[in-house]
Amino acid sequence: MLKKNKFRLITNVLTKAIKLWLRTQVSDIEQLQLDIQAGDRQLISGCIPSVSIVAKSAVYQGLHLSKVDLVAKNIRINIGSVIKGQQLRLLEKVPVIGEISQLEQDLSASLSSTLLSTALNDILIKLLPECSQNSKSIIWQSVQIKDNSLVISATIDEDNNSQPLDICIGLNLLSPHELRIAPIFVTRNTKILLENSDGEYLDLGSDVEIQDLQLKNGKIICRGMINVNP
């Protein structure tokens, strides 16, 4: 009985530590469900075969995520320090598989994040170098999610004259590590500034493997795997 109570205590401490660690990774979260799947001996050794995570309305680095449904595998943590009340740390790279979805309104809210706004500014300047002198005066406003495409609306200030700017991009998955952004249309006040059917290619890196990417009905759904590094 004492042994069971000891393992139950370790499980409770570990669950709270993981929840606390997850909350430190996001600036806001509405709902978080956690399920740890591990045997008693595995817990004591700091090895967790599987943790399932379901979250709603999470904000990660300014990115608003409508729903997150993930499973992390083969997790090794500093269990001795956690039991003593110290912060949880990952000891090895952790593969995380699952699904993330974003609604239109959440993607639009993400436009104010440094991560996304900087990326959009860089893309715009690459497509239209003449916009570089006005990059600081671009305000990204909203996103519409259509079938396999995004329409991103902004305003750009030129000579103290604010004008609407729209970027329409197609988004297709070429491989688990690569996206094709094509076709690309950029318009300002309905005037076409750029029409590019060849598009651009985006390398996602070796730590990302996307198996499925869907853009439809005002929602983005992404299924795949990402490695979380210590």
Side-chain angles (χ1 to χ4, degrees), residues 19-34 53-70 72 96-128 131 134-158 162-173 179-182 184-189 200 202 204-205 207-208 210-226 228:
K19 281 189 174 183
L20 179 61
W21 181 80
L22 288 170
R23 290 184 183 277
T24 63
Q25 304 302 302
V26 297
S27 57
D28 192 20
I29 192 167
E30 183 177 294
Q31 183 178 335
L32 176 62
Q33 296 177 358
L34 194 67
I53 303 162
V54 177
K56 292 183 179 180
S57 301
V59 182
Y60 175 72
Q61 293 187 6
L63 301 178
H64 293 243
L65 307 175
S66 307
K67 185 177 180 182
V68 177
D69 191 347
L70 305 173
V96 179
I97 60 175
E99 177 181 305
I100 293 176
S101 62
Q102 263 189 314
L103 298 175
E104 243 175 30
Q105 59 265 34
D106 289 318
L107 188 54
S108 293
S110 301
L111 291 174
S112 59
S113 71
T114 300
L115 191 66
L116 192 53
S117 62
T118 300
L120 289 172
N121 284 353
D122 290 345
I123 291 172
L124 183 61
I125 292 170
K126 184 176 181 180
L127 296 173
L128 295 170
C131 289
N134 297 310
S135 61
K136 293 183 179 180
S137 61
I138 299 172
I139 301 175
W140 302 100
Q141 295 183 318
S142 64
V143 181
Q144 292 181 359
I145 302 173
K146 300 185 177 181
D147 288 349
N148 296 321
S149 66
L150 300 174
V151 179
I152 308 167
S153 298
T155 57
I156 184 168
D157 190 12
E158 294 184 343
S162 182
Q163 299 186 47
L165 185 76
D166 291 310
I167 303 175
C168 180
I169 59 173
L171 206 58
N172 293 282
L173 186 64
L179 291 175
R180 180 172 183 249
I181 305 173
I184 303 172
F185 297 95
V186 183
T187 60
R188 183 178 60 203
N189 273 335
E200 300 285 340
L202 180 62
L204 301 173
D207 281 329
V208 176
I210 297 180
Q211 302 302 326
D212 185 33
L213 181 65
Q214 299 179 26
L215 288 79
K216 60 182 180 181
N217 301 325
K219 180 190 291 187
I220 294 179
I221 299 175
C222 180
R223 300 183 181 93
M225 185 278 295
I226 185 170
V228 178

When rounded to the nearest 0.5 angstrom, what distance separates [atom1] in [X] from [atom2] in [Y]?
X      : Y      : atom1 : atom2 : value
Gln31  : Lys67  : CD    : NZ    : 9.0 Å
Leu202 : Ile181 : CG    : CD1   : 5.0 Å
Asp69  : Gln33  : CG    : CD    : 9.5 Å
Ile156 : Gln163 : CD1   : CD    : 8.0 Å
Asp28  : Arg23  : CG    : CZ    : 9.5 Å
Asp147 : Lys216 : CG    : NZ    : 8.0 Å

Can you confirm whether [X] sits close enough to [Y] that some side-chain heavy atom of one is under 4.5 Å from a side-chain heavy atom of the other?
X      : Y      : result
Ile167 : Leu120 : no
Gln214 : Asp212 : yes
Val208 : Ile226 : yes
Leu34  : Leu22  : yes
Asp166 : Phe185 : no
Glu200 : Leu127 : yes
Leu124 : Trp140 : yes

Paired with Leu213, the side-chain contact (heavy atoms from CB on, under 4.5 Å) test is passed by just one of Ile220, Ile221, Asn172, namely Ile220
For [X] against [Y], the heavy-atom pair lying closest together:
X      : Y      : answer
Ile100 : Leu70  : CG1-CD2, 4.3 Å
Gln102 : Ile145 : O-CD1, 4.0 Å
Val151 : Cys168 : CG2-SG, 4.0 Å
Ala55  : Ile29  : CB-CD1, 3.7 Å
Ser66  : Leu103 : OG-N, 2.8 Å
Gly62  : His64  : O-CD2, 3.4 Å

(Q) Using a 3.5 Å distance criterion without hydrogens, assess whether the side chain of Ser113 forms a donor-acceptor pair with backbone atoms of Leu63. (A) no
The complete set of salt bridge (charged side-chain N to carboxylate O under 4.0 Å, His left out) pairs with one or both residues in residues 98-119, sequence neighbours excluded, reads Glu99-Arg223
